[in-house]
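Everything on this sheet refers to the single structure shown next.
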Amino acid sequence: MTTPPAGAAVPARDAARDALDERNRRLAHAGVARAEKLLMSRYRLSSEREAFDLLRRSSQKYNIKLHTLAEVAIRLRGPAAGSPVWVPSRPQGPAPAIPALRGSASRPGSHSAVLTSALGQALSVTGAQMGNVQLVENGMLRMEKHVGLNRRFTDYFAFVDASTTSCAQAAEEVRQVTVKDVAASDTFDEVSREAILETGSRACHSTPLLSPNGIVIGMISSHHERPLRDLSPGQLTAMHDLGRQVGRWLVWHRNTVVLTALNHLHADATGKPRSA
């Protein structure tokens, strides 16, 4: 057998990293690209850049991520001909409280603040130092927040669309999933397992973020430095409550702030004044 030359593994790792970076760039831009084409057709725009600028202006004005606005624009039916708004306003009421976050954090003021506070509370409940939050987008789980995880982990799991992770299993089965020992579990494929172990995680727990209708709209996961026993009934209840309350807030945010941004985009594109 021929012995591989010294350092041969380094180019292989570099090639794998380049392929992963390219995958993440492609997936990150896919939704925005679809929205750009939709806007170009709907508003007879001259270029993708003009469509991108429409998305950018509204996302910045309402402090939401551009890819979030793009995903909603793709998903929703287009505005009626001649309408001054994309989506007619519907009474939604004030932002729902999130008692599971406790204290002043129970009424966070922004999408980012909700996810940050929710991740912090999840780590407090489960006793972990590492974790992440993902949201469903275009049929995948997209990483939105993380703490304590290395770059290989956050790059590899930037988008999850396979069932070879605890978060994907929890999403498919709409339940909390605990992996007590990553090294011994058959939940993961070998590449996923290696990426998790390399970041220092030996166990993990994933909790769905649920809409009021019980639909999975995201996932919050804690990662633990040592193998776990089962979480206690109190911990599981606390995580269940957190997942439902945060999910309800995220649905409210999409139905209010994100739709308002979409109406602003429509008015911007058509020159029509927005209705109150």
Side-chain angles (χ1 to χ4, degrees), residues 59 62-65 67-69 71-72 75 92-149 154 157-160 165-178 204-224 231-261:
S59 67
Y62 291 95
N63 193 27
I64 57 178
K65 291 189 175 180
H67 68 79
T68 299
L69 183 60
E71 194 268 339
V72 174
R75 183 172 54 84
Q92 292 292 336
I98 308 176
L101 297 182
R102 302 178 184 176
S104 59
S106 66
R107 289 192 177 276
S110 72
H111 187 271
S112 179
V114 166
L115 298 186
T116 298
S117 297
L119 180 54
Q121 181 62 17
L123 300 187
S124 176
V125 169
T126 61
Q129 302 297 316
M130 301 175 283
N132 63 281
V133 181
Q134 302 154 294
L135 296 181
V136 174
E137 182 179 302
N138 297 321
M140 297 179 290
L141 289 168
R142 178 173 182 153
M143 183 89 69
E144 292 286 340
K145 294 284 183 181
H146 58 85
V147 64
L149 302 166
T154 57
F157 296 108
F159 296 90
V160 174
T165 62
S166 61
C167 57
Q169 182 181 342
E172 289 177 1
E173 300 177 5
V174 196
R175 67 180 182 89
Q176 297 189 61
V177 170
T178 302
C204 53
H205 180 83
S206 296
T207 301
L209 306 178
L210 299 176
S211 75
N213 296 332
I215 296 171
V216 176
I217 60 174
M219 192 66 52
I220 190 163
S221 300
S222 58
H223 287 269
H224 305 254
L231 297 186
S232 71
Q235 288 173 305
L236 291 174
T237 297
M239 291 303 297
H240 170 83
D241 292 345
L242 181 66
R244 286 196 170 274
Q245 292 171 21
V246 171
R248 181 180 62 181
W249 190 97
L250 292 172
V251 169
W252 170 87
H253 181 266
R254 176 160 294 196
N255 288 339
T256 53
V257 178
V258 178
L259 295 190
T260 298

Inter- and intrachain pairs under ring pair (Phe, Tyr, Trp, His ring centres under 6.0 Å), touching residues 112-138, at least two apart =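 Residue pairs with at least one partner in residues 112-138: there are none.
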Solution key, residues 209-221 side-chain donor-acceptor pairs under 3.5 Å, sequence neighbours excluded:
residue, atom, partner, partner atom, Å
S211, OG, N213, N, 3.2
S211, OG, G214, N, 3.4
S211, OG, I215, N, 3.1
S221, OG, S206, OG, 2.8

Closest heavy-atom pair and its distance - [X], [Y]:
X    : Y    : answer
S110 : N63  : CB-ND2, 4.4 Å
C167 : Q134 : CB-OE1, 3.4 Å
L141 : A171 : CD1-CB, 4.4 Å
V258 : L69  : O-CD1, 4.0 Å
I64  : A261 : CD1-CB, 3.7 Å
M140 : F159 : CE-CD2, 4.0 Å

At what distance, to the nearest 0.5 angstrom, does [atom1] of [X] lie from [atom2] of [Y]?
X    : Y    : atom1 : atom2 : value
H111 : T116 : NE2   : OG1   : 10.5 Å
H223 : L149 : NE2   : CG    : 5.5 Å
Q245 : H240 : CD    : NE2   : 9.5 Å

With sequence neighbours excluded, tell me which residues meet side-chain hydrogen bond (donor to acceptor under 3.5 Å, both in side chains) with [X].
X    : value
E172 : none
T178 : H205
Q235 : S232

key: ring pair (Phe, Tyr, Trp, His ring centres under 6.0 Å) partners for H224, two or more places apart   =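 Result, ring pair (Phe, Tyr, Trp, His ring centres under 6.0 Å) vs H224: none returned.
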task = List in chain and number order the residues that pass ring pair (Phe, Tyr, Trp, His ring centres under 6.0 Å) with H67, two or more places apart in sequence or in another chain; answer none if no residue qualifies.
result =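 With neighbours one apart ignored, the set is empty.
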message = Classify the ring geometry of H253 against W249: parallel below 30°, tilted from 30° to 60°, perpendicular beyond 60°.
response =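 Geometry flag for W249 against H253: parallel rings.
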key: side-chain hydrogen bond (donor to acceptor under 3.5 Å, both in side chains) assessment of K145 paired with S112   = CA-CA 8 Å; K145 294 284 183 181; S112 179; 2.7 Å; yes
request  = Could I get the full list of salt bridge (Lys or Arg N to Asp or Glu O under 4.0 Å) partners for R254, not counting sequence neighbours?
outcome  =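 E71.
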Give every donor-acceptor pair under 3.5 Å between a side-chain atom in residues 119-128 and any protein atom, sequence neighbours left out.
residue, atom, partner, partner atom, Å
Q121, NE2, A100, O, 3.4
T126, OG1, A122, O, 2.9
T126, OG1, S222, OG, 3.3

Do [X] and [Y] make a side-chain contact, defined as non-hydrogen atoms from C-beta onward lying under 4.5 Å apart?
X    : Y    : value
L135 : L250 : yes
F157 : T165 : yes
M130 : H146 : no

request  = Name all pairs fulfilling the salt bridge (Lys or Arg N to Asp or Glu O under 4.0 Å) condition that reach into residues 208-221, sequence neighbours left out, sorted by first residue then second.
outcome  =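 Passing the test, one end in residues 208-221: no pairs.
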task = Kindly state each residue pair satisfying salt bridge (Lys or Arg N to Asp or Glu O under 4.0 Å) with at least one member in residues 121-138, sequence neighbours excluded.
result =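 As it turns out, the salt bridge (Lys or Arg N to Asp or Glu O under 4.0 Å) pairs with a partner in residues 121-138, which skip direct neighbours, are E137-R142.
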Those residues that, when tested against T237, pass side chain to side chain contact (heavy atoms under 4.5 Å, CB included) (two or more places apart) =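 So T237 forms a side chain to side chain contact (heavy atoms under 4.5 Å, CB included) with D241.
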